[in-house]
Each structure stands twice: as C-alpha cells, then as structure tokens.
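One structure below.
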4 protein chains.
Amino acid sequence: MKALVLEKTKKMAVRDFSIHEQLGPHDVRVKPLRVGICGSDIHYYLHGKIGDFTVTEPMVLGHEASGIVTEIGKEVTRLAVGDRVCMEPGIPSPDSPEFLEGMYNLDPSVAFWATPPVHGCLRETIVHPEQFTYKLPKTVSLEEGALVEPLAIGVYAAKKAYIVPGDSALVIGAGTIGIVTALAALASGCSSVYISDISEDKLEFVKRHYGDKFIPLNAGKDDIRREIAKTHPRGVNVVFEASGSPEAIAALPSYTSPGGRVVLVGMPNEPAPIDIVALEVKEINISSVFRYANVFDRAIEFIASGQINVKPLHTHTFPFNEAAEALTFASGMPADAVKVMISLE
Amino acid sequence: MKALVLEKTKKMAVRDFSIHEQLGPHDVRVKPLRVGICGSDIHYYLHGKIGDFTVTEPMVLGHEASGIVTEIGKEVTRLAVGDRVCMEPGIPSPDSPEFLEGMYNLDPSVAFWATPPVHGCLRETIVHPEQFTYKLPKTVSLEEGALVEPLAIGVYAAKKAYIVPGDSALVIGAGTIGIVTALAALASGCSSVYISDISEDKLEFVKRHYGDKFIPLNAGKDDIRREIAKTHPRGVNVVFEASGSPEAIAALPSYTSPGGRVVLVGMPNEPAPIDIVALEVKEINISSVFRYANVFDRAIEFIASGQINVKPLHTHTFPFNEAAEALTFASGMPADAVKVMISLE
Amino acid sequence: MKALVLEKTKKMAVRDFSIHEQLGPHDVRVKPLRVGICGSDIHYYLHGKIGDFTVTEPMVLGHEASGIVTEIGKEVTRLAVGDRVCMEPGIPSPDSPEFLEGMYNLDPSVAFWATPPVHGCLRETIVHPEQFTYKLPKTVSLEEGALVEPLAIGVYAAKKAYIVPGDSALVIGAGTIGIVTALAALASGCSSVYISDISEDKLEFVKRHYGDKFIPLNAGKDDIRREIAKTHPRGVNVVFEASGSPEAIAALPSYTSPGGRVVLVGMPNEPAPIDIVALEVKEINISSVFRYANVFDRAIEFIASGQINVKPLHTHTFPFNEAAEALTFASGMPADAVKVMISLE
Amino acid sequence: MKALVLEKTKKMAVRDFSIHEQLGPHDVRVKPLRVGICGSDIHYYLHGKIGDFTVTEPMVLGHEASGIVTEIGKEVTRLAVGDRVCMEPGIPSPDSPEFLEGMYNLDPSVAFWATPPVHGCLRETIVHPEQFTYKLPKTVSLEEGALVEPLAIGVYAAKKAYIVPGDSALVIGAGTIGIVTALAALASGCSSVYISDISEDKLEFVKRHYGDKFIPLNAGKDDIRREIAKTHPRGVNVVFEASGSPEAIAALPSYTSPGGRVVLVGMPNEPAPIDIVALEVKEINISSVFRYANVFDRAIEFIASGQINVKPLHTHTFPFNEAAEALTFASGMPADAVKVMISLE
C-alpha cells in the first residue's frame, strides 16, 4: 500500500510500503481519510528520535486520524462497514497492571502509532481494535474527527485538574495543545481562562477565532502575575503548563492560589527548577499527564454538543501524494498554521 | 423598619417591625433591593413549620436577596458603601468543628435567614458579615443577584457530583432547583443533560427558554430509562435528584451507569425505598447536599461570564408593599411563574 | 477429575466430572489445595439460585482458593511451576468498557467461579489467567491464602471508604465479611472501630480472638447510637453496612457524623427505606461495593506484614472427599464456625 | 511571668517577661507543662530568622506544648479547669477565605506561636482558643501530649497522600519529621514503609526503637532505587520527601510507581530541579503540605489507640530554668537525641 514513510532523519517519501495486517475477531479495518500532522511527526523527521525512541528502520508517520470502516472482525458489535470513525492511537496490553488499574496509557509496553517500532496511520488502510475505534456522530466532520486526538490531550488535562465548578485557570502556551487545553478547561467548568504565550501571532490567532472566550496574556510583555492579580488577587485555581518553558515552570507557584492545582502537560528538555517551599506554603498540588486515557468518547461528545469548537484549529490541507511537502511545510511553523492536515480521499 | 412579617400560619403582612442590629467591625449594612420568593417561604406561610423548625413568634420572611451596601464596619476591606451585592443567608459559628473542616453549611447552629428563630431579609436594612456578602460585577443585574442564592444550590450540587469532563447527566425535576442544577451541570463539564418532570408546563418553559441545551423528558409519558438508553445504553454518568419523588428515587439505579454518581438535592417527605443490591452491582455513589458552601462567588462568576443564564427564571416582580400578595400569588404556583421577586426600591 | 458438583438444589456430591481446559499463553494451571466455603456456595446449594443466576446444569462449587502452580503458559513471566498462589475468581472481558476504566469487577460479562454457568474451583485442577493469580509469600500459609478472597472484600470496602487517617468507624455485622471489613478498616487508618451484631456468639468470637482491637456492640441490646455518642458525639466518620438488615440501613444516618461516609457491603433482599433528608442535613456520602478490583495483592500484603491477622477466622477443615459434608455442616451455621475450609491435599 | 526569651540571634535566657493576655469567652488559660524543642526554635536562635520571618524584638520560643487548663472563658463547653491538654499553635482568622474553605493553615494571617511577631509557649501561662485546645485521654502522657504537634505533621502528610489500603511507601529522611511521617503512613494504611537517611545514627535509632516496622535504607551507601525494586519493581506507591535534599528531590520520579504520589514535607533552601518528563510518563502526582489542619484530634487518637508509639522519640528532658541550655544542647544535634523537652513543672 501507499504510505508516508520516514526513511531516516530528514528523509521521507510517499511510496509503496508493505504492511500485512491480519484482522482479529475484535478488530476493524479502517481507511484513513484525514490525518493531522503532530509536532512529534515533525520531531522524528528532523531529529530521528524522541527521548529513547529512535527511528532505526523506515517507519510510517501519523497518529491523528479519522477514516471509514472497510471491514470488521467476527466479534465486532458496535461498528459496521461504512462507519465514519476516529482512532485512539495507543494500544496497551490487557495483561499489564496499568490496564487493570484504569491507567492503560501508562503501560510501558503500549504500542503507539508512529512511535518506533510501531508504524503510524499515514497509509491506505490500518487494522485497529474496535475498543479504540470511535464512531463519529453525523454532525462531526472528518476534519474534526482528526482533531479528536489532540483535543483528547486537553480534555484529559482538564480531567486531571479536578476542576471545581467556577474555577479560574491559566493555560501557559497557545500552540495547538495550549488552545485545546483552554477549550477543554472552559467546557469542563472553569468560568474564566487566561492563556499566555510569548508569540503575539499565536495570541492573535486565539483572539481572532475565539473572541472573548479567553483572556490572552503576552508572556514577553505582560507581568502575568500582576495581570491575574487584578481580578484574581489570590491567583488562579488551576494552571495548565503547556509550554515546556523552564521560566514558566519556575513561576508556577506565583500564579496559583492557595490550595490550587497545577497540571503539567508540556515537556521541557531539561529538569526544571521548582521552588518547593513556594509550593508548600500554598499547598499546591501538581498533576502530570501522559497522552490520555478514557477520554476519546468525551472529546467527541464535546465537539458534537457544540461546547468545544475545534474547527478553527484546522488551517491547511494537503493531498496524500503531497504528504511529505505538508510535513516540510508544517515543520517551518508558519505564523498562520495551527493544524496541517493530509487528506487521503 | 418595614418588613414582610409572617405572624403565624397563613397570616402575614408588610408592616413596621422593630429589629435593632449593631454593626460589628467585620459587618456591612445592606439595603435589600430585590428578594426572590422561595418554596420555603411559601411553606412557612402555609404550614408554619418545616421539619423541626416551627414559627412560634412573628418572623420576617425572605432569604434570596441582592441589595446595596449602606454602611461598613471598621475592619471591612473588600466592600464599600454603594457596592451592589448579594448575600449568603446562612451564618455559621466560627467555633463549630464543621467550620474548621470547610463544611460550614453543616454546622447545626448556623443562623439562616427566615428559618425560625432567625429573621429573613424582606425588610429595609440588614446587617451581614462581610465574609458572606458578595459584590456583584457591573454586568450582573440586581435580579440576577437575587437569583444567585438558588443558583448556588445548583452549582453546589454540580460540585458534589465530581463531574468528569464530558459526563452525561439526568436532572429529575424541572422546577427552579432542577433548572439551576441542569444549568450548573452543563457549565461544569457535562456534555449532555436530560431534564425530566411530570409537568409538561415546566418542560415547555425549559424548551422555550433554553432551546436545545437540554433534552426534556416527560416522566409521566416517556419511559425515561429507555429514552436515555437510546444514546447512553449504559445509563448516564450522573443523576441529580431534584424532585423528592419516591418513585424517582426508587428508579435511580436504573438510570445510572456502572461507576456513576447520584446527587440527592430534593427532599422527600418520607423515607424512600432504595434497591441496595441494584446500587451495589453498579457501585453507584450517592452524595447528598444541604444548601451550599463556598460557591456563591462561583455562581456569580458563571453568571458574569455568560456561561449560565438565569434571566429567564425571573418571571414576575411585585413592589414591596405588595409582598404579601406576591407570596400568595407564588403559593398558587401559576403555570407561567418560576421566580417571583419583590422589588424594595 | 474429581469435583464437588452441585447437581441441583440440595443435591451435591464429590464425583468425577469432566472439564477440559486448554492452557493459553497467559494462563497457569493450578492444583487447588485449600478452598473456603462461602455463603454463596451454601445459598446455591439450598436455593439453587442467587438473584437472576440460576443453576440449571450440574455446577462445580467453590471460589475461595489457594493452591500450587503445576503448569504455565508460554507468555507467563511472573509465576513458575511450584509457586504457592491464590486466585481472584472473576475474569472480566478485556474488551469491556469497565475494564478500560479500571473497574473490571463491574463488567456485566465477568466470568466468576461458581456463578452459573461458570464452574467453581472445588476440583483437582483449574486453568486461570496469570493476571489474576497471585503468588503467596513464604510467610503466608495456604489457609491464609484461601482467606484472601473474603479479606479482599473488606480491603475493597476500606478502599471505597476513602478513610482519612484517624477516622472512627462502625461495622454493622460480625460475620466473616463484617470481621474482615473491621480488620481492613483498622489497618487502613481508622483509629477506633465499633462492630455490631445481634448475635452474642459472633461478638464473643470477636472479643475472644481480637481482644480490644474492636469495640463490640450488641444491636439487640445496646442503643448503638447512644453507645457511639459516648466517645463520638457527632457520630462515626465511616459506617460499613455488612448485615443487609433493613433496620440497620434505616438507622445509618443516625450513626454517621456530618460529612461522613457509608459503605454498603451487605445485600438486603428487598429495597430498604432510607431517610433522604437525614442524609442531606449531614451530607452523608454513600458508596456501594460489588466484590472487589485491584486489591488481591494488597490483601496479601496486609497478611504478610502482620497488620491483618485472618488466622482466627479459619475454624474448621474437612478433607476433599467430605466436601459435601463440609458444606452441609457450614449451612447449619454452628456457633463456633466462621470459615469452614476444604483441604484437597 | 517567666519565659524563655530569644533576645536576638544567639542570645536567649529564661527571664521575667511581661505578657498580658485577656481571656475571651471562647478561650482557655493553660499552664504549659511540657514543651518540645523544634528545629525552628533552634533556627531562630542560630539565625534570627526563617525565610521572611525575622526576630526584631525579644520573642518567647516554643510551640510544641502540653499542659493543664487553669481557667476557662464563659462560652467554653468542652474543657474544664484541670483538664490535661495539648494545643495547636496556629490561630487563623475566621474571616479568611482559607478558613471558610477548610484549609485554615494556609491563611497568610495565621498567628503561629514563636513565629515573629507572635510569642511562643515556653512561659508560665498562655491563653488559647478552646477550638485549638485538645483534651488528652488519661492514657496519653504529658510527654506524648507535647509530641502531638510534630506527629500532626506526619498525620497530615499521610492524609494528603490519599493512601490506598495496602500501599507501599518510602519516607526520605529519618529525623523527627521523617519518623512521625513513617509512623503515620503505617497507621494510615501502608503495608510496607521504607525509610532512608544518610545518617547511620538515625537509621540505627529507627531500628532500635521500631524494630522491623520499617525497612531502613542508607542513602549514602545503598542504591535506593534498586533496593526498592527487589520487592516493588514498579516503585512504591507513595514517597514522602522529608529531607529537603535536592538530590532526593531529583530522584523522586525514579522511586515512584506509575500513578504514584509524592508528598513534599521537607523544605529545601533553594529551588530544586525536577525532571518533568519523568513525572509525566508515570503521571506522578505531587502534593505539598504546610504544617497541618484538622488532624490534632486524629494524632491524639492514634496515640491513645496504641497504633502510633511516639514515646521513643522523647529522648531528653531539661527543667524550665535550664531551657536555654536545653536549646543549646539540641542545637548541637547529638547522635542520641531526637526530641529534647522542657518540663515546666
């Protein structure tokens, strides 16, 4: 079949690639129709590795997909041929203790698309467990379907924030993950949400597409703590760290109210210094999140109900045969691009 | 000063009534401007008692108030004369163990307006602790301010539901409390909210004013369980019981999903039979709520941010000198009335 | 192989019974050595059914087992032939949503030993997933191993009580489940635990074997509420209901402190009336539990560390060929019997 | 009255000191009888300040006290003259939002003994609110009473760990706070508790007095991670950081199991680097604690029930007129000293 193959660092192509997948009784076969490009795809392309995961053999990229079911296994009951679906890209082992305990995303043996040695979904067909394949309601488009994966990260961060109705929040970072987290925080009970970034472009995007839903702050110009103090003198109840910036991490205790919560979503390259005593005198609680678990259906529901609008995030589409160009384009991080998508139709 | 005084069962009048209140250093004096009539006011008027609380001496009615600050105590720092405010009507003892533990609403010695022997707020001025007096943002009207008290019940119920982002919910009962609970559930992270009642009038009100925000179900005509199962075959994640109906309470386990939660808000007159084994096989958790604690500011925030619109609930206004007529009118429960309010301006 | 077969109501025998089980790659084959008799075994023997589960064909009884591993599947890594083990008797479907969410015990399709149509473990060998088979430390005897299953119910109830260190507790019911719940509550952070029953025999057993660990109360003679009030005037923080008695359930709100918790473990035959308003004014939270999930290893740890002593609960042993007599004996509920066990050695 | 007065850095004396305290209606007057010396007393003596709190005027030291009630205010109901008591040394403002929310220890305006400008309890009498004065059961000695304050820190840390019954734990640091935390963890549901320190003296003390209750690890010699992995290959469920060591803090993610929790108790002098990604891939949750709230009665209960034995911690007693010598002695940190106490009898 045709696939976008990363041959090695900085070398990729859409080409014929042989993957033979057997359809198990609980599996479905899906033809991907829209696949979003993620920062991790770009990172593998540019650097050939993320942390300990190294691309040593040609690997198919892509893990943010919607598509259509073309075949179902014998025991499949919830899905049918022709269903429009999106897919959760990580498959844990049912024998792992993490699976038993309801945190299957933490199973160290999870097979996650486009994470070596597991192939991604930028290809003509893919076999996936019914359990991790979600039917899209009629009102949810394929493009929105491909955005469920990044939105799931935001919804999961909101879940781990244990939001109390009416909480105030600050989201640090206004990239894709920052925006979906801010959207999820608002839909999950926050009554006011600040979003900060050092890029005025990103903040402009937020203002243009989400109007007065959020309060944008420029971390390069504004004194964030003082801005928050104007309406929230004790700090915000929840801070979502989605920038990975050591400076932002160092400042977390100063933004957070006594008894408040921090959720770590961003991934800094180095250990980041934190003022432990500053955490303690406010008894700040810190959660950290890794991908997501048990939220794909919830992300879909939020899109379907209209409570979360991800449409503005989809800014560019490329055809499948230009997938390599799409990735090269996205890796340049143009000011007007948020989510670059590939259409396989 | 003038006040709406309940002399005894079924006898009340707006008349001169002597209450001398001293302004402590942490108190403010407020002139109430809008006061909503609550079911408990009506109940005291009709029956002279609620549970063990019996009206034995003339008592001023009313506990849902917004107003304006006319004087402040020496130590008051957050409020100023002229501030538009609403007030939390229960004052706990700071010496109670419940106060220490953050559940001051459960202090048995709480002094709650219009609960014998404590006078209510349907009078010209009232002294109240700064701590339980909340400034209204400019965008929040006095009528909305007087609706903060009932909304607080809904927000508190939503808080006690520990809503997971994207949860589905059913609210049983579409009276004032049912509607504010449904509004709070939606604003607090539920992605779909059913609301049921046996009165088609009430459901019509919901449909007319809240459009497709909620899914109305007629408990007299529809098979609620089957209706829910159409989209939520395992049941909803959260059920808010706001009817007090024994039939509704008996059916709770059948509406709730495995691992789901029930929040008891309504107050049935008699002990209600519950199928314990039906709860157990789904491990349903039941929370029960009494008034509210620590949510007044959150309810105000939800109104100010536009996430919750309580304006439609305010259906009628009477002038102060017709307060007795207002209460008589409300006690007849006319089909088009939700919240009847008295203006003291 | 030989097995204790329930032919139909009130008819059982140890006889040859053909069960052919294939060893999957993730399975182990175990020879059961000790099997405790549970109230449910007796109930199936006497009545032929529990709730909707009806014995329509000959069924092997028993689900509280320890034994020795005699064969392991290809993918088994944690267990070896010769390991002494105990087994969690319910096997959920990895495809169920409940499994994904960490509450696999609520999977409606769970296959649970000695629950029709699933055979129990009172037989010569049994094949079981490695995932639900737990190695016993050297210091834990086979008899203690067979008591892990009932203890797991107590530990799980304690887990669901969200005990705050130093909580007081009342356990209603001093049968096997009541005692293991009281032991688990004490080991899990309660500082004082009352245990009540209407049987003086049972309370005497508790006093004789557990000395002053618990405060026994005779529900037939003592005014339980008043006894508790002597040292805990606001009521206890946690009540574990392990009797299934409607009278006990009706009295729950009166035993519980404001903000306290109730855990429902016992299974009454009929819906039980509960005073909802009495729950509400104290904001009592009710959890209900069904069997257990993710606690077998924890129950073993508590035995191994010496924090929980289950040895006194094992009162009688019968050889395998007298298994039917053992069950008949146990069904008579003699005063000195708590756990009757069958030895298959 | 006589008091131990810190005149300025490194200068203190037991001398006459004039404090006039009025007994309010909700207060009691207590004669302190035993006062433990805390690291913070020593720190003020040696350095004249802790963080932003600077000793600018003569200040009475001491905040770990038991004593006897000598006078009660008019509204006092739970205490009587002659009662043996211990006292919670921080008095929050009932008007603070933190008090309302049940986290009164976080009130920035809390008045805490021996924290400038508030005088401590090493003096002949002290007036204290009934609310923060706790009656000692007959079986609890005055020495144990004076140890309730440090134990409260351990119990509170255990409370904030949200221990699941049967959890494993590591306590880093075997000083007074480390030991009380380990004791509290064990009493609160942990089934196995490691305790580490770089001082062999401290570990020896633990072994000598607490036998095989804990598993001691020498952080200077042992590879802690490997030692834990022998019995807990996934790491422990809870890590209590009570050393304040940056190296220990950096290693936290490596000790903790997936989904595990860290509780920060120790106070490092500088911001400490933390590997955020290492936290995230295990979704480790970090709580931080500041003193305690709502646990004094619970700490007393644990002592009274025999579940926690603090007696070994009391190693030395000095008479009141040698209080300065006691503090000088304690500041030398002799190998055999844990808690040095002053007797005011």
Part of D:D107 lying under 4.5 Å from any heavy atom of chain A: neither
Can you check whether [X] reaches [Y] side chain to side chain, under 4.5 Å on heavy atoms?
X	Y	value
A:I195	A:L217	no
D:P117	D:F53	no
A:S192	A:H232	yes

For the backbone of A:N237 and the side chain of A:D167, can you confirm whether one donor and one acceptor N or O come within less than 3.5 Å of each other?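 Side chain of A:D167 to backbone of A:N237, a donor-acceptor pair under 3.5 Å: no, none is there.
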Any donor and acceptor pair, going by atom type alone, linking the side chain of D:H47 with main-chain N or O of D:T9 inside 3.5 Å? no
With a cut-off of 6.0 Å (strictly less than), are more than 12 heavy atoms of other residues, nucleotides or ligands near CZ of A:F132? yes
Other residues, nucleotides and ligands only: do more than 12 of their heavy atoms fall within 6.0 Å of CD1 on A:I198?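 Result for CD1/A:I198: open.
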Given a strict heavy-atom distance threshold of 4.5 Å, which part of A:E101 is in contact with chain D: side chain, backbone, both, or neither?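 Side chain only.
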Heavy-atom distances under 4.5 Å only: say whether A:R234 touches chain D with side chain, backbone, both or neither. side chain
What are the residues of residues 253-273 of chain D, in order of number, with any heavy atom under 4.5 angstrom from a heavy atom of chain A?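 Near chain A, by residue number: D:P258, D:G259, D:L264, D:V265, D:G266, D:M267, D:P268, D:P271, D:A272, D:P273.
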Winner by heavy-atom pair count (cut-off under 4.5 Å) against chain D, out of A:D275, A:V289, A:L279: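 Looking at each of A:D275, A:V289, A:L279 in turn, A:V289 comes out on top.
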For D:Y156, is the NZ or CZ atom of D:R291 found under 6.0 angstrom from the centre of its six-membered ring and inside 45 degrees of the ring axis?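 Not satisfied by the 6.0 Å and 45° rule.
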